[in-house]
Structure formats: structure tokens, C-alpha cells
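A short worksheet on the structure shown next.
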Amino acid sequence: MNAGAWRPDLAVAWRALCVSRLLVWVAGVVAVVAFGLSDRAPDFDPAGLTEPFGEPWDTLLAPAARWDTVWFVNIADGGYDGTRAAFFPLYPLLARVAGAPLGSSLLGGLVVSWAAALAALAVVHRLALLELGDGRAARLAVWALALFPGSIFLTAVYSEAVFLLLVAGALLAARTEHWAWAGVLGALAAATRSAGLVVAVALALLWWEARPRAGARELALSCGLVPLGLGAFCLFLWLDGGDAGAPFAAQETWMRAFAGPFAGAWDGAVAAWDGARQLLSGSRTPVYFEQAGGDPFAVAGHNLKNLAALVLVAVPATLGALRRLPPAYGAYAVAALALPLSWPVGPQPLMSMPRFVAVLVPIFLWLGWWLARGAAWRVHGVLGAFAAGSALFAGQFATWHFVA
């Protein structure tokens with residue numbers, strides 16, 4: 001591969017990443033300085049894993065180290081038990097390796113996330129150029145992704161950036177008929193998050209479109225390799241004396257249960273409607289969720305925010321991808337959304353929807369195409385709304401208020 005050929009993609013990615021991260025970091029740090037941390041922060045990080053360095057460094061790290069960061073650092077430093085198996089191993093392994101010379105898996109995770117975020121945005125730009133054939137649309141796709149509120153997690157000590165890079169890389173490899181690379185990247189995605197398995201849907205359809213140039217060998221090299229990522233994780237847990245099925249059983253800890261195909265969409269709409277009535281009426285019905293501190297108004301806000309991410313972004317962009325992009329992209333978006341929508345969380349059926357949307361590459365490919373064909377007000381309005389949402393999310397996240 002010619003590294004020089006990636007310079008234009010990296011230039012676009014670097015500008016979008018720097019501007020969006022400046023916004024995220026300023027908003028997060030200012031929120032910590034102005035409002036302090038939630039009183040419940042010690043409940044979620046009793047060992048102080050997200051604040052190990054003292055001031056001012058801990059405040060400067062606040063926009064990157066909260067909530068699931070505790071789980072990833074615990075796994076990187078101490079391995080797995082039954083509860084931790086809900087978090088797949090590739091990201092904490094990379095954090096541990098990168099953190100070894102730094103003496104901190106937390107800093108290692110930060111390095112991995114930033115590097116992966118930059119690379120992921122570059123790959124998305126290259127993929128957008130290939131599929132959209134329009135440089136402006138490709139740039140807007142990258143900017144929409146970088147500024148989307150759920151993308152604040154790309155540079156947090158979370159697995160989002162690595163997962164996005166691997167999925168986008170697998171799609172690009174398959175689209176350019178590098179089938180073995182597509183399979184390897186897909187397998188690594190499946191070792192990063194359970195949703196990585198779904199990339200096999202896109203790879204299968206891209207293979208179908210490439211026939212007769214691609215035969216059974218190419219199908220086996222791409223789709224056949226993807227489940228090996230999950231299989232390797234389960235085998236490791238079994239060889240380590242644990243339960244090979246722990247990654248699936250651990251979902252009960254997060255109150256996820258199968259409710260029927262896409263049933264979570266309806267449940268989420270009902271929950272958001274009930275939440276809106278609570279906010280307007282001021283009533284306090286007994287709806288509780290631990291991360292919201294038992295506050296039904298906080299739960300109501302989360303449900304409304306999650307529904308907005310689904311209805312205002314995910315659904316129209318997925319429909320757009322189904323109409324404008326090759327079938328593989330729309331099918332992948334539908335299959336990826338089917339996971340959280342079919343296994344909703346009880347009190348918050350659409351919990352973490354902004355995070356799930358942030359790594360759905362087809363959504364941002366279509367957004368780039370749609371923005372490029374609109375007037376300037378459309379571009380400024382959408383990117384401005386995304387930027388405002390990112391600032392709000394960053395402030396909440398940094399002060400230990402649950403976001404997604």
C-alpha cells in the first residue's frame with residue numbers, strides 16, 4: 001500500500017478530528033471546572049481508576065475517562081471475571097500494550113483511541129470517495145461523523161474508535177476486493193464488540209455484487225473469518241477456567257433481554273412519550289434507573305435523547321442508505337440496528353443509541369451525500385446541531401452524568 005496515497009484522506013480526517021476534539025475537550029473541562037462532578041461518581045469508580053494522576057491532569061482527562069472506562073481499565077490490568085465478559089477483549093488488550101511503556105493502561109487506551117479515531121475517519125473518507133464519487137460529499141461525511149454527539153466516545157477510553165476503524169476497513173477491503181483483509185478486519189471487529197458479527201452481512205452482499213470475479217474462496221476468506229473473533233474470545237474464557245458463554249450471559253447485568261425483532265423501537269417511543277409527560281407535568285412516577293441516580297426526570301431525558309438519535313438520524317439515514325448506496329450498506333445498517341432494538345434495556349429501551357449510531361458507517365456516508373446536495377443552511381444547520389449536541393454530551397460525560 002502506498003502510504004502517500006492516504007495523505008489527502010488523513011488531512012481531511014485530521015482537520016475534522018482536531019476541530020471536533022477541541023470542542024469536546026473545552027466543553028468537558030469547562031463543565032468540570034464550573035459544575036464539579038456528580039456526587040455519585042465514587043459509586044461508579046470506587047478505586048479512582050479514572051483520576052489517578054492528581055490535578056490538573058485528572059480534569060484534563062475528564063472528557064476521555066468516565067463510565068465504561070473503568071471496565072476497560074480493569075480488564076486491561078486485571079483480566080476477566082463473569083461480569084466483565086460483556087466487554088470484548090481487543091480494545092483492553094491494545095490499551096494494555098500501548099500503556100506498558102507509559103505505565104498506565106488508561107493512557108494507553110487514550111493513545112489507542114486517538115490513533116484509531118484518526119485512522120477511522122481517514123478510511124471513512126476513502127470509502128465515501130469510492131461510493132459517492134464526490135469530494136465535497138466525502139468531506140461532509142467525515143465532518144458529520146466527527147461532530148455527531150455520539151462520537152464524543154471516539155476519543156474516550158472506549159472501544160468505539162477501534163470498532164469503527166475495523167468495520168470501515170473491512171467494508172473498504174471488500175469493496176476493493178481484498179477479501180482476506182476484509183475477513184481479518186471483520187474478525188477483529190467481532191473481537192472488539194459483539195456487533196462486529198453483523199459486518200458479515202455487508203461482506204456477503206459485497207461478495208455477491210462482485211461475482212463472478214469473486215468465488216467460494218473469497219466468500220470463505222471474508223465472511224467465514226468474521227465469527228472467529230467471537231469464537232477466539234469464548235475459547236480464551238473457557239481455557240482460562242471461565243464460562244465460554246459469559247459474553248452472552250453478561251448482558252443480563254445490563255438488563256438487556258430479547259423483546260422481539262425491533263420491539264425496542266416501540267418500547268423506546270412509549271418510554272419517551274411517558275418521559276415527556278413527566279417533564280411537562282412535573283409528576284414523579286416510580287421510574288428508576290441506577291445510573292440516573294433514581295431520578296425519573298433524568299430517565300425521561302435519556303429516553304427522549306435516545307429516541308431522537310433513532311428517529312431523527314438513524315432511521316432517515318438508514319432509509320437513505322438503502323436507496324442511494326449499494327445494498328450492502330443499507331442491509332448492514334438495518335442488521336446493526338436490529339441488535340439494540342431487539343434486545344432493549346428495561347427502563348431505557350433505547351439505551352446507548354447515540355453510541356450505536358456513531359459507528360454505523362452507512363449512516364454517515366448517506367449524510368455526506370445528502371448534505372452535499374443541499375443548500376448551505378442545511379450543512380450549517382445539521383453540523384451546528386451536531387456540534388451543540390457534542391458540547392452538551394461532553395459536559396455531561398465529563399461530570400459523571402450518564403450520556404450513552
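- Using bins of under 30°, 30° to 60° and over 60° for the plane-to-plane angle, the ring pair Tyr80/Phe233 lands in the tilted bin.
- When all heavy atoms of Pro354 and Phe393 are compared, the pair lying nearest together is CB-CE2, 3.9 Å.
- Atoms CD and CZ, on Gln396 and Arg66 in that order, are 13.5 Å from each other to the nearest 0.5 Å.
- Between Leu106 and Leu49, the closest side-chain pair of non-hydrogen atoms is not below 4.5 Å.
- Partner of Trp400 under the side chain to side chain contact (heavy atoms under 4.5 Å, CB included) criterion, chosen from Asp39, Leu37, Asp43, Val32: Leu37.
- No donor-acceptor pair closer than 3.5 Å links the side chain of Asp267 to the backbone N or O of Pro349.
- Side-chain contact between Phe402 and Met351: present, with at least one pair of heavy atoms (C-beta onward) separated by less than 4.5 Å.
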In a table with atom names and distances, give each donor-acceptor pair under 3.5 Å that connects a side chain of residues 180-188 to protein atoms at least two apart or in another chain.
none

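- Annotation: Phe258, atom CZ; neighbour count of heavy atoms from other residues, nucleotides and ligands within 6.0 Å is above 12.
- A donor-acceptor pair under 3.5 Å is absent between the side-chain atoms of Ser352 and the main chain of Arg355, judged by distance alone.
- Rounding to the nearest 0.5 Å places CG of Leu140 at 12.5 Å from CG of Leu365.
- The backbone N or O of Gly109 sits less than 3.5 Å from a side-chain atom of Tyr91, completing a donor-acceptor pair.
- Atom-to-atom distance recorded for Asp243:CG and Phe248:CZ is 10.0 Å, nearest 0.5 angstrom.
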Practice task
Starting from the C-alpha separation in whole Å, work towards a yes-or-no answer on side chain to side chain contact (heavy atoms under 4.5 Å, CB included) for Leu129 and Asp9.
Solution key: CA-CA 10 Å; Leu129 281 175; Asp9 307 289; 4.0 Å; yes
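- The two residues Ala394 and Ile152 come nearest to each other via the heavy atoms N-CD1, 4.1 Å.
- Taken to the nearest 0.5 Å, the CG atom of Asp58 stands 7.5 Å off from the CZ atom of Phe53.
- The minimum heavy-atom distance linking Val142 with Ala16 is given by the pair CG1-CB, 3.8 Å.
- Within the 4.5 Å cutoff, no side-chain heavy atoms of Trp273 are placed close to those of Val270.
- By the 4.5 Å heavy-atom criterion applied to side chains, Leu110 and Leu61 are counted as neighbours.
- Within the structure, ring pair (Phe, Tyr, Trp, His ring centres under 6.0 Å) contacts touching residues 104-143 (residues at least two apart or in different chains) are Trp25-Trp114.
- Nearest heavy-atom pair, Ala272 versus Leu307, reported as atom, atom and distance to 0.1 Å: CB-CD2, 3.5 Å.
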Handout entry: CA sep, side-chain torsions, deciding dist, call: Phe397, Phe153, ring-ring contact (aromatic ring centres under 6.0 Å, His included)
Key = CA-CA 10 Å; Phe397 180 79; Phe153 297 98; 5.4 Å; yes
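- Put simply, the side chain of Ser342 gets close to the backbone of Phe262: a donor and an acceptor are under 3.5 Å apart.
- Looking only at distances, no side-chain donor or acceptor of Thr192 sits under 3.5 Å from a matching main-chain atom of Leu90.
- Between Val315 and Leu310 the shortest side-chain heavy-atom distance falls below 4.5 Å.
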Which atom pairs, donor and acceptor, lie under 3.5 Å between side-chain atoms of residues 195-209 and protein residues at least two apart or in another chain?
unit_1: Trp207; atom_1: NE1; unit_2: Gly215; atom_2: O; d: 2.7

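- Between the side chain of Thr176 and the backbone N or O of Ala173, at least one donor-acceptor pair lies under 3.5 Å.
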Practice task
Please step through side chain to side chain contact (heavy atoms under 4.5 Å, CB included) for the pair Phe356 and Leu360, ending with a clear verdict.
Solution key: CA-CA 7 Å; Phe356 296 138; Leu360 285 181; 5.8 Å; no
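- No side-chain donor from either of Glu218 and Ser222 sits under 3.5 Å from a side-chain acceptor of the other.
- A donor-acceptor pair under 3.5 Å is formed between the side chain of Ser151 and the backbone N or O of Leu145.
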Name every donor-acceptor pair, under 3.5 Å, that has one atom in a side chain of residues 368-384 and the other anywhere in the protein, sequence neighbours excluded.
unit_1: Arg373; atom_1: NH1; unit_2: Trp369; atom_2: O; d: 3.3
unit_1: Arg378; atom_1: NH1; unit_2: Trp370; atom_2: O; d: 2.8
unit_1: His380; atom_1: ND1; unit_2: Ala376; atom_2: O; d: 3.3

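- The backbone N or O of Phe386 sits less than 3.5 Å from a side-chain atom of Ser390, completing a donor-acceptor pair.
- Remark: Asn306 CG to Gln348 CD distance equals 6.0 Å, nearest 0.5 Å.
- Side chains of Leu154 and Ser20 form no contact here, defined as non-hydrogen atoms less than 4.5 Å apart.
- Annotation for Leu341 and Met353: closest pair CD2-CE, 3.8 Å, computed over non-hydrogen atoms.
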Please output the side-chain donor-acceptor pairs of residues 317-337 that fall under 3.5 Å, not counting sequence neighbours, one pair per line with the distance.
unit_1: Thr318; atom_1: OG1; unit_2: Ala314; atom_2: O; d: 2.7
unit_1: Tyr329; atom_1: OH; unit_2: Glu131; atom_2: OE2; d: 2.5

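- Judged by distance alone, the side chain of Arg96 and the main-chain N or O of Gly108 form no donor-acceptor pair under 3.5 Å.
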Practice task
Apply the test side chain to side chain contact (heavy atoms under 4.5 Å, CB included) to residues Trp67 and Thr50: give CA-CA distance (whole Å), side-chain angles for both, the deciding distance (0.1 Å), then the verdict.
Solution key: CA-CA 9 Å; Trp67 298 106; Thr50 60; over 6 Å; no
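- The salt bridge (charged side-chain N to carboxylate O under 4.0 Å, His left out) search around Arg213 returns Glu177, not counting sequence neighbours.
- Nearest heavy atoms, Pro63 versus Ala156: O-CB, 4.3 Å.
- Phe364 CZ to Leu121 CG: the interatomic distance, rounded to the nearest 0.5 Å, is 10.5 Å.
- Side-chain atoms of Tyr158 and Ser113, non-hydrogen and from C-beta on, never get closer than 4.5 Å to each other.
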Practice task
Take Arg126 and Leu130 through the side chain to side chain contact (heavy atoms under 4.5 Å, CB included) test and state the conclusion after the steps.
Solution key: CA-CA 6 Å; Arg126 176 66 62 91; Leu130 182 63; 5.9 Å; no
